[in-house]
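For the single chain, residues carry numbers from 1 onward in sequence order. Because the structure is a prediction, the values reported are computed rather than measured. Both ligands and their constituent atoms are indexed starting at 1 by order of listing.
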Amino acid sequence: MKSSNKTDLRGKNVIEIQKLIPNEKPFRAKQIFRWVHSNGIKSFDEMKNLPKSLLENLSEIAEIQVPKIAKHEIDNETGTQKLALEFADGNQVECVLIPNPNGMTLCISSQIGCALGCKFCKTAFMKIRRNLTAGEIYSQFLVARENSMAPITNIVFMGMGEPMMNFENVIRSADLLNHPDCGNISRRKITISTAGVVQKIRDFTELGKKYKLAISLNATTDELRRKLMPINQKNPIKSLLRAAENHAKKSGERVTFEYVMLEGVNMSDDDARRLNTMLRPIDCKLNLIPYNESNLKFKRPTNTMINEFYEKFENAPFPVLVRKSMGRKIKAACGQLAKSVPNQK
Ligand code: SF4
């Protein structure tokens, strides 16, 4: 499948659509924007209330890129669904629908592969291929919505890729997901996650968009974090915590810290003590995530180990949760996403 030179209407805002049809009244651009992002149309002839001539002219320069579902897996035990989507250039990404008490949480990808090389993550093995466009990110929502067994209530940018390394498109797609004429998902239900790109966290704070921020921490010393997450070399824990604290203060939003529990690696008494101390000044919550084994060298802790580690936060001034792993059977759980790249050279 080859991509064309036409402009993909998915991911474009009203002003950009207006520029494609300069001789039309502004309300036409709004109509197209809604058809594309709210109705999720796949072809121009579905836009019933637009003049044929306008659609014909528009179709000369623009198109609606619709990814193909390459694979659709369902874990019947938990109701988790994993969708592998193929884009026009043949690259694929995965997104995951996870049931929550009010509907579905959609975990979406922001890049084809990832450059950050976290040692416990399968996506890291793909290396980075390219950033997804805002339209490609938003398309994951549209396809998932069509296949979801319940309304999508929450979005987490925690799939393949580091969202902060594709900052502009991630923010643009989050804006579309939040827009009442598009995804209509509350901003408080949209979480952007990062492995800790400090400068981008600062940029995000300055932007003042008020989407939720999650930081994947996973170690309590720079020595260990450097080994697990190479990004720590240039973004040490101290500066990361400072950026998180500043974000919480400026945005008035609680920051979530994610901590993947790796047996025998980051679950000692000292780790718990240091975590308690380092997170204390920050308005935050801590999610403890049992590692999902993916044929890498790490081991998932036993339930006893998880409980023992969790109990060490009994007196923590911040909420601590052990995240239930959903979709392990279909390799849809955290850190397990990795799609083949058919046209990899
Ligand atoms: S955990 Fe996230 S940031 Fe790290 S390699 Fe995997 S996708 Fe990239």
Side-chain angles (χ1 to χ4, degrees), residues 82 84-85 91-96 98 105-132 136-137 140 155-167 169-171 173-174 191-201 203-204 211-219 222 224-237 239-240 243-244 255-262 265-266 286-298 300 323 325 327-328 331-341 344:
K82 183 166 80 169
L85 305 186
N91 278 307
Q92 293 185 10
V93 290
E94 293 176 337
C95 60
V96 183
I98 308 142
T105 298
L106 175 64
C107 175
I108 51 182
S109 296
S110 54
Q111 297 182 302
I112 311 264
C114 185
L116 297 198
C118 302
K119 301 295 180 230
F120 48 83
C121 171
K122 269 209 125 176
T123 307
F125 283 83
M126 291 172 63
K127 305 258 169 40
I128 183 70
R129 183 90 180 133
R130 67 169 174 86
N131 282 337
L132 293 182
E136 288 169 336
I137 298 173
Q140 295 171 63
I155 303 283
V156 291
F157 283 82
M158 293 183 185
M160 293 161 62
E162 161 58 50
M164 295 292 183
M165 300 303 272
N166 186 12
F167 191 71
N169 289 334
V170 162
I171 296 296
S173 57
T191 302
I192 298 176
S193 160
T194 178
V197 190
V198 171
Q199 185 52 51
K200 293 291 179 188
I201 295 175
D203 293 348
F204 181 58
Y211 301 121
K212 295 275 185 188
L213 175 68
I215 295 173
S216 189
L217 189 60
N218 309 324
D222 281 323
L224 176 62
R225 197 164 189 271
R226 265 197 306 268
K227 283 186 196 151
L228 294 175
M229 305 175 77
I231 191 172
N232 197 78
Q233 264 156 22
K234 289 196 178 142
N235 298 264
I237 292 176
S239 63
L240 182 55
V255 174
T256 300
F257 284 95
E258 312 274 358
Y259 195 89
V260 176
M261 292 179 284
L262 306 163
V265 176
N266 62 356
L286 174 64
N287 279 351
L288 300 173
I289 307 164
Y291 175 64
N292 294 304
E293 284 174 16
S294 348
N295 304 326
L296 301 177
K297 59 182 177 182
F298 299 103
R300 182 187 176 86
R323 198 200 285 164
S325 292
R328 282 168 69 201
K331 296 219 179 314
C334 195
Q336 291 185 312
L337 298 188
K339 203 56 228 158
S340 61
V341 186
Q344 194 156 20

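Shortest contact from atom 7 (S) of ligand 1 to any protein heavy atom: Gly161 N, 3.5 Å. Summary of contacts: the protein heavy atom closest to atom 5 (S) of ligand 1 is Cys118 N, 3.4 Å.
Taking a cutoff of 4.0 Å between a charged side-chain nitrogen and a carboxylate oxygen, Lys200 and Glu162 do not qualify as a salt bridge.
In summary, the atoms of ligand 1 found under 4.0 Å from a heavy atom of Ala124, numbered by their order in the structure, are 5 (S). Which parts of ligand 1 touch Ala195 is read off a 4.0 Å heavy-atom cut-off, strictly below it: atoms 3 (S).
When only modelled atom types and interatomic distance are considered, Asn166 and Gln111 share no side-chain donor-acceptor pair under 3.5 Å. Using a 3.5 Å distance cut-off with no hydrogens or angles, the side chains of Arg225 and Asn218 do not pair a donor with an acceptor. At a cut-off of 3.5 Å, with distance as the only test, no side-chain donor of Asn235 or Asn232 sits close to an acceptor on the other residue.
Taking both residues in full, the closest heavy atoms of Leu228 and Phe120 are given as O-CE2, 4.1 Å, listed atom of the first, atom of the second, then distance.
For atom 4 (Fe) of ligand 1, the N/O/S atoms of Cys114 include none lying under 2.8 Å. Residue contacts to atom 6 (Fe) of ligand 1: Cys121 brings an N, O or S atom closer than 2.8 Å.
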